[in-house]
Amino acid sequence: MEYQQTQATVLQPPPIHHYSIRGLETPKWLLIVRILQFVISLAILSLSAAILSADVLILALLGMSDPAALGVAISVLTWLVLLYAVLTEKLHVLRKLHHVVVVMALDSIMLVLWLSTWALTAARRGAIDPLMKQANMDANKKCDSSYGGNYYGFYDNCADKKTARAYKWRGDAAAAVAGLGALEWILFIVTFAWTVAGYARARAVAAQPHGGLEMGHREAKSTAQHTTTVV
């Protein structure tokens, strides 16, 4: 009798968390990717805010106000998406709010937004390069001709060279935002692809007879047979 009860207990299928249609149990490496998404968005927010701190005239000449404002807004939106994706899965009190379809939808939206952000920033950064070079040449002529066309030759407090320095600094920050934005876009491709694959696998298992229970019964039966053989 005791042996039969033990065998019945072993034959009970284990809970299948990885194949739930409502929510997927994410691996540790995906959580690390989410943390990287947060860190990169924080860096982009800081750089974009620094670009926006420039004089209004400089922003107008460089055409960087729109990409920088977009970088700030999308970074904040990224934090909200990450909070939902991570906290609603990891915290028991919020788990009822978690749904894999919502996570997929949010990741797909962030894919489009980050693509727009880094592409726009990169395009504007490429367009202002001639303006930056011209500003440096004008500053060298007006302030100190001895520095002759040295692109990075800013050595005094002349107003024109201050303007050239401001151009260069904002241009470098824009290049960094474009690069980090592209990396953020790639990371969202990774999380979106994993979620879609996991959801498709869950649907496939659920479409089978008795859902995923047969898998659990087969694994448990195999374990029970092995135990009986050993005894």
Side-chain angles (χ1 to χ4, degrees), residues 4-45 73-119 180-230:
Q4 291 178 350
Q5 292 178 350
T6 303
Q7 189 178 28
T9 303
V10 174
L11 288 174
Q12 290 180 358
I16 302 174
H17 300 293
H18 293 278
Y19 296 98
S20 173
I21 294 179
R22 181 176 177 83
L24 302 173
E25 185 178 342
T26 57
K28 291 182 179 180
W29 67 265
L30 197 69
L31 179 60
I32 295 175
V33 172
R34 293 294 190 188
I35 294 174
L36 287 176
Q37 289 173 337
F38 175 80
V39 173
I40 292 174
S41 64
L42 179 61
I44 291 175
L45 175 66
I74 303 306
S75 296
V76 174
L77 183 59
T78 298
W79 297 351
L80 298 178
V81 170
L82 294 177
L83 286 175
Y84 173 83
V86 176
L87 295 184
T88 56
E89 179 198 348
K90 302 301 181 182
L91 298 183
H92 180 72
V93 293
L94 300 177
R95 197 161 297 168
K96 290 183 178 179
L97 302 176
H98 185 79
H99 202 292
V100 64
V101 175
V102 177
V103 176
M104 284 192 299
L106 293 175
D107 275 350
S108 63
I109 293 173
M110 297 312 301
L111 275 175
V112 176
L113 293 178
W114 277 116
L115 175 61
S116 303
T117 301
W118 77 258
L180 291 174
L183 179 58
E184 186 83 332
W185 176 61
I186 293 174
L187 292 179
F188 270 103
I189 291 178
V190 172
T191 55
F192 177 73
W194 186 91
T195 306
V196 170
Y199 181 70
R201 185 169 60 250
R203 291 294 298 260
V205 172
Q208 296 175 359
H210 307 293
L213 295 179
E214 290 188 352
M215 297 176 58
H217 278 298
R218 286 197 299 268
E219 294 177 358
K221 185 177 181 180
S222 176
T223 303
Q225 290 176 350
H226 175 72
T227 305
T228 304
T229 303
V230 172

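We number each residue from 1, following the sequence as shown.
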| task | Report the relative orientation of the aromatic rings in Trp79 and Phe38; use parallel for angles under 30°, tilted for 30 to 60°, perpendicular for over 60°. | result | tilted
| field | Spatial distance of atom CD1 (Ile189) from atom OG (Ser108) [nearest 0.5 Å] | value | 12.0 Å
| request: Keeping the roles fixed (side chain from Tyr84, backbone from Val102), state whether a donor-acceptor pair exists under 3.5 Å. | output: no
| Minimum heavy-atom distance between Trp194 and Glu25, given as atom pair plus value | CH2-O, 3.9 Å
| query | Within a strict 4.5 Å, meaning less than it, do heavy atoms of the Thr88 and Arg95 side chains meet? | reply | no
| field | Spacing of CD1 belonging to Ile40 relative to CD1 belonging to Ile186, to within rounding of 0.5 Å | value | 9.5 Å
| Point-to-point distance, once rounded to the nearest 0.5 Å, from OG1 of Thr195 to CG of Leu30 | 6.0 Å
| What residues form a side-chain hydrogen bond (donor to acceptor under 3.5 Å, both in side chains) with Ser75, not counting sequence neighbours? | none
| request: To the nearest 0.5 Å, tell me how far Thr117 OG1 sits from Ile74 CD1. | output: 4.5 Å
| note | Between the CG atom in Leu180 and the CD1 atom in Ile44, the distance rounded to the nearest 0.5 Å is 5.0 Å
| Where do Leu187 and Arg34 land on the side-chain contact (heavy atoms from CB on, under 4.5 Å) test, with the steps shown first? | CA-CA 8 Å; Leu187 292 179; Arg34 293 294 190 188; over 6 Å; no
| query | Side chains of Glu184 and Thr78: is there a donor and an acceptor less than 3.5 Å apart? | reply | no
| Close side-chain approach of Leu87 to His98, heavy-atom, < 4.5 Å | no
| said: For the CD1 atom of Ile109 and the CG atom of Leu77, what is their distance to the nearest 0.5 Å? | reply: 8.0 Å
| query | If you look at every heavy atom in Trp185 and Leu111, which pair is closest and at what distance? | reply | CD1-O, 3.2 Å
| field | Flag, side chain of Glu89 to backbone of Thr26, donor-acceptor distance under 3.5 Å | value | yes
